[in-house]
Amino acid sequence: MVRALYPGTFDPIHNGHIDIAARAARLFDELVIGIYDSSPKSLTFDTQTRLALARESLSHIPNVRVEPYQGLTVTYAKDIGATVMVRGLRAISDFEFEFQMALTNKKLAPEVEFISLMTSLKYAYLSSSILKEVAMLGGDVDSLAPAPVIAALRARFAGLGPDGAGSVPIRTSRD
Ligand code: ADP
């Protein structure tokens with residue numbers, strides 16, 4: 001039985017993440033989506049909301065479960081018995097970061113393998129930050145994320161106006 005971990009911030013989950021999760025779920029017996037439980041101050045959605053949205057969005061894939069975690073990702077991987085860590089790659093700009101993280105994690109946990117799945121072309125431009133920016137400015141995001149995520153974005157940005165970015169953080173570290 002091979003268990004894999006797909007870790008990330010997922011603030012919030014979108015169709016690019018779901019595509020990677022669906023493809024990874026076909027490769028491994030079980031896929032755990034690890035939602036990094038970081039400070040809500042720097043994120044748009046708190047951990048419980050990110051978790052609930054991911055669970056709802058991935059409920060159609062039977063061998064996927066969604067869990068929160070804190071601390072080092074490799075420690076969490078070892079704790080849950082994951083022998084593989086999955087990440088997605090969108091562009092050359094992702095590569096440098098993912099390469100550095102994979103080598104660091106490999107140093108910390110030589111027993112865990114790191115694989116990157118290439119984005120599907122139709123999601124190559126998509127990030128949580130772009131999704132939030134378009135949603136905040138009232139653009140059509142229906143094809144970018146599942147309905148519960150879109151509803152949550154609408155509720156989060158309701159009444160903020162075009163300068164809402166100042167009151168709700170929408171950029172994650174890399175996106
Ligand atoms: P993190 O903050 O850990 O980068 P994210 O939620 O932004 O968390 O992303 C989690 C993973 O999903 C990362 O490996 C990222 O490269 C990947 N990812 C994000 N958007 C896409 C996309 N459109 N296509 C493929 N992979 C993606």
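Residues: numbered from 1 along the sequence shown. Both counts, for ligands and for their atoms, begin at 1 and track the order of listing.
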For this session: Just jot down the ligand 1 atoms closer than 4.0 angstrom to any heavy atom of His14, in number order.
Result: 20 (N), 21 (C), 23 (N)

Exercise. So do Ser120 and Arg23 actually touch side chain to side chain, heavy atoms under 4.5 Å?
Worked result: yes

Seminar exercise, completed: Per-atom filter on ligand 1: closer than 4.0 angstrom to a heavy atom of Thr119 are 22 (C), 24 (N), 25 (C)

Exercise. Which one of His17, Met85, Arg87 has a non-hydrogen atom at the shortest distance from atom 19 (C) of ligand 1?
Worked result: His17

Problem set entry | Side chains of Glu56 and Pro146 in contact at under 4.5 Å (non-hydrogen atoms) | no

For this session: Please say whether Ser127 places an N or O atom under 3.5 Å from an N or O atom belonging to ligand 1.
Result: no

For this session: Would you please determine whether Tyr6 falls within less than 4.0 Å of ligand 1 on a heavy-atom basis?
Result: yes

Exercise. Taking it one step at a time, do Glu67 and Arg55 satisfy salt bridge (Lys or Arg N to Asp or Glu O under 4.0 Å)?
Worked result: CA-CA 9 Å; Glu67 303 292 348; Arg55 282 190 174 142; 3.5 Å; yes

For this session: Kindly identify the option in Ala21, Ala124, Ser129, Gly88 whose heavy atom sits closest to atom 26 (N) of ligand 1.
Result: Gly88

Problem set entry | Those atoms of ligand 1 less than 4.0 Å from some heavy atom in Asp94 | 16 (O)

For this session: State whether the side chain of Arg50 and the backbone N or O of Phe10 hold a donor-acceptor pair below 3.5 Å, judged by distance alone.
Result: no

Seminar exercise, completed: Heavy-atom proximity to atom 8 (O) of ligand 1, picking from Thr73, Ile18, Leu89, Thr9, points to Thr9

For this session: Find all atoms of ligand 1 within a distance of less than 4.0 Å from any non-hydrogen atom belonging to Leu126, and give their numbers and elements.
Result: 20 (N), 21 (C), 22 (C), 23 (N)

Exercise. Judging by distance only, is a nitrogen or oxygen of Ile20 under 3.5 angstrom from one on ligand 1?
Worked result: no

For this session: Determine the interplanar angle of the His14 and His17 rings, folded into 0 to 90°, and report it as parallel if under 30°, tilted if 30 to 60°, perpendicular if over 60°.
Result: parallel

Problem set entry | Backbone or side-chain N or O of Ser128 under 3.5 Å from ligand 1 N or O | no

For this session: Would you indicate whether the side-chain heavy atoms of Gln48 and Pro68 approach each other to under 4.5 Å?
Result: no

Exercise. At a 4.0 Å threshold, what atoms of ligand 1 neighbour a non-hydrogen atom of Phe10?
Worked result: 6 (O)

For this session: Would you check the N or O atoms of Asp11, main chain and side chain alike, for any that come under 3.5 Å of an N or O of ligand 1?
Result: no

Exercise. Is Leu103 close to Phe114 at the side-chain level, that is, under 4.5 Å between some pair of heavy atoms?
Worked result: no

Seminar exercise, completed: Residues Phe97 and Arg87: closest non-hydrogen pair is CE2-NH2, 3.9 Å

Exercise. In terms of atom number and element, which parts of ligand 1 are under 4.0 angstrom from non-hydrogen atoms of Gly16?
Worked result: 22 (C), 23 (N)

For this session: Could you say whether the N/O atoms of Gly8 and ligand 1 ever approach to under 3.5 Å?
Result: no

Exercise. Can you check whether Val66 reaches Ile35 side chain to side chain, under 4.5 Å on heavy atoms?
Worked result: yes

Exercise. Is any side-chain heavy atom of Tyr69 closer than 4.5 Å to a side-chain heavy atom of Leu5?
Worked result: no

Exercise. Is there any N or O on Pro7 that sits under 3.5 Å from an N or O of ligand 1?
Worked result: no

